[in-house]
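Just so you know, these numbers come straight off a predicted model, no measurement behind them.
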Number of protein chains: 2
Amino acid sequence: MSQRHTAVPAELRSRADADALIDAGYCPIPPREILDTIGGKWAIQLIVASARGPMRFTELERLIEGISRRMLTLTLRHLERDGLLKRTVYPTVPPKVEYEATPMALELYEAMLVLTNWSRRHSACVARSREDYDARQAS
Amino acid sequence: MSQRHTAVPAELRSRADADALIDAGYCPIPPREILDTIGGKWAIQLIVASARGPMRFTELERLIEGISRRMLTLTLRHLERDGLLKRTVYPTVPPKVEYEATPMALELYEAMLVLTNWSRRHSACVARSREDYDARQAS
DNA sequence: CTGGATCCCCACTGATACTG
DNA sequence: CAGTATCAGTGGGGATCCAG
């Protein structure tokens with residue numbers, strides 16, 4: 001735990017580059033902290049959905065598709081607690097509550113795009129690898 | 001599902017930029033697939049540990065600290081199946097098995113650094129947000 | 001409309017013991 | 001050395017009902 005950290009250049013491709021990063025003290029272990037935050041089944045979708053502007057509870061419920069009322073509430077609370085969503089209550093009747101991604105969440109979203117990019121570049125390769133692996137197991 | 005995707009520039013800061021990205025069809029929903037792969041408790045640590053070169057089973061077991069033999073095996077199998085680790089068996093006695101991160105895994109590792117960077121920039125903010133939130137709940 | 005409360009399931013994880 | 005097998009605990013997540 002608690003290793004040193006420095007600013008990260010991060011446009012590299014080779015094994016040597018990765019070596020250099022590790023030697024420089026880049027410790028990707030803290031991602032556990034991030035993964036605990038956004039690793040939930042719905043967190044990312046909620047951030048994306050509320051990235052364009054205020055979204056109401058029911059809007060999100062309809063948009064996310066498959067999410068239960070319980071998990072919607074829980075995940076929203078979690079994200080709000082972490083400062084990733086701003087919750088605004090309008091004391092009207094019936095009540096109206098809006099959720100909106102904070103700037104910090106938008107940056108996280110942009111960071112996620114790098115992972116998305118990786119996924120897109122390699123998903124086929126991963127799928128093929130799985131097939132090969134499963135085929136070998138069958139034999 | 002199955003939205004369009006395009007190459008990603010991804011050096012932006014504003015809400016408008018995020019809007020532009022979403023409009024352009026960047027769908028960060030697939031990260032679920034990534035998160036299922038690396039969201040495990042030990043996956044990232046194993047990738048990092050085996051990023052510098054071949055690592056033996058027992059080496060990893062000692063290095064990771066806290067991992068059980070069972071989870072080490074399971075996670076290694078999972079990563080191998082996805083093509084993120086290469087497993088090499090030397091039919092000697094006693095047996096010798098080496099695990100090494102593939103180029104694809106190294107790229108993933110580099111992508112994770114972006115998230116790590118986000119975490120480092122905002123961890124204090126998140127912590128403060130949590131304190132505020134919890135304080136409000138207490139009242 | 002926006003949740004809170006409750007019950008339940010099961011996948012992930014850990015602990016321990018055994019083996020080629 | 002490098003696993004496998006088995007049992008048990010925990011928590012995330014779903015279903016349902018209730019309430020301000």
Side-chain angles (χ1 to χ4, degrees), chain A residues 29 31-47 49-50 54-82 84-100 133 136-137, chain B residues 29 31-47 49-50 54-82 85-100 133-134 136-139:
Chain A
I29 309 291
R32 173 108 318 273
E33 179 185 342
I34 315 174
L35 291 175
D36 289 341
T37 305
I38 65 170
K41 192 173 179 181
W42 310 102
I44 294 178
Q45 297 185 58
L46 284 178
I47 290 177
S50 56
M55 291 285 286
R56 299 189 59 176
F57 188 88
T58 310
E59 278 184 294
L60 292 170
E61 187 179 13
R62 276 192 302 252
L63 187 63
I64 299 297
E65 183 166 16
I67 194 171
S68 64
R69 215 172 230 111
R70 168 187 157 78
M71 287 315 297
L72 179 55
T73 302
L74 280 181
T75 309
L76 286 173
R77 291 290 173 279
H78 211 193
L79 294 174
E80 183 198 1
R81 189 175 106 99
D82 287 350
L84 294 174
L85 290 185
K86 185 167 66 68
R87 179 170 180 265
T88 310
V89 182
Y90 299 92
T92 61
V93 50
K96 175 182 176 183
V97 181
E98 284 182 342
Y99 296 89
E100 184 173 13
Y133 184 92
R136 275 196 300 272
Q137 298 308 309
Chain B
I29 309 291
R32 173 107 318 273
E33 179 186 342
I34 316 174
L35 292 175
D36 289 340
T37 304
I38 64 169
K41 192 173 179 180
W42 310 102
I44 294 178
Q45 296 185 58
L46 284 179
I47 291 177
S50 56
M55 291 284 286
R56 300 188 59 174
F57 188 88
T58 310
E59 278 184 294
L60 292 170
E61 187 179 14
R62 276 192 302 252
L63 187 63
I64 300 297
E65 184 167 16
I67 193 171
S68 65
R69 212 171 234 111
R70 169 185 160 76
M71 287 316 297
L72 178 55
T73 301
L74 281 180
T75 309
L76 285 173
R77 291 288 176 280
H78 211 200
L79 293 174
E80 183 197 1
R81 189 174 106 98
D82 286 350
L85 290 185
K86 184 167 66 69
R87 180 169 179 266
T88 311
V89 181
Y90 299 91
T92 62
V93 49
K96 175 180 175 183
V97 181
E98 285 181 343
Y99 296 89
E100 185 173 15
Y133 184 92
D134 294 344
R136 275 196 302 272
Q137 298 308 309
S139 65

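Closest approach to the B:F57 side chain among D:dG3, C:dT13, C:dG3 is made by D:dG3 (side chain taken as heavy atoms from C-beta onward). Comparing C:dC1, C:dG14, C:dG3 against the side chain of A:P94 picks out C:dC1 as the nearest. Here the nucleotide nearest the side chain of A:P95, chosen from C:dG14, D:dG20, D:dG14, is D:dG20.
Within the 4.0 Å cut-off from OP1 or OP2 of C:dG3, at least one side-chain nitrogen or oxygen of A:R87 is found. Under 4.0 angstrom from either OP1 or OP2 of D:dA2 there lies at least one side-chain N or O belonging to B:T58. Side-chain nitrogen and oxygen atoms of A:Y99 include none within less than 4.0 Å of the OP1 or OP2 phosphate oxygen of C:dC1. Not one side-chain nitrogen or oxygen of A:R69 sits closer than 4.0 Å to the OP1 or OP2 atom of D:dG14.
With salt bridges taken as basic N to acidic carboxylate O contacts below 4.0 Å, one links A:R69 and A:E61. Ion pairing between B:E98 and B:R87 fails under the 4.0 Å rule for side-chain N and carboxylate O.
Among the atoms of the strands shown, base atoms are found under 4.0 Å from some heavy atom of B:T73.
Atom pair B:L46:CG and C:dT13:P shows a separation of 12 Å (rounding to whole Å applied). One can place OH of A:Y90 at 12 Å from P of C:dT2, the figure rounded to the nearest angstrom. As rounded to whole Å, 16 Å separates atom C1' of C:dT13 from atom CD1 of B:I64. Following rounding to the nearest Å, A:M71 (CE) and D:dG11 (P) show an atom-to-atom distance of 15 Å. Atoms CG (B:L72) and C1' (D:dG3) sit 10 Å apart, rounded to a whole Å. Rounded to an integer number of Å, the gap from B:L60 CG to D:dA2 P is 9 Å. Here the C1' atom of nucleotide C:dT2 and the CD atom of A:E80 are 13 Å apart, to the nearest Å. Look at CG on B:L35: it is 11 Å from P on D:dG13, rounded to the nearest Å.
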Verdict with supporting geometry, A:L60 and A:L46, side-chain contact (heavy atoms from CB on, under 4.5 Å): CA-CA 7 Å; A:L60 292 170; A:L46 284 178; 4.2 Å; yes
Evaluation steps, side-chain contact (heavy atoms from CB on, under 4.5 Å), between B:I47 and B:Q45: CA-CA 5 Å; B:I47 291 177; B:Q45 296 185 58; over 6 Å; no
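Ranked by how close their nearest DNA chain D nucleotide is to the 5' end, B:R56 and A:I67 are led by B:R56.
With hydrogens and angles ignored, the 3.5 Å screen pairs no side-chain donor or acceptor of B:E80 with any backbone N or O of B:R77.
Evaluation of atom-type donor-acceptor distances gives a pair under 3.5 Å for the side chain of A:R70 against the base of C:dT6.
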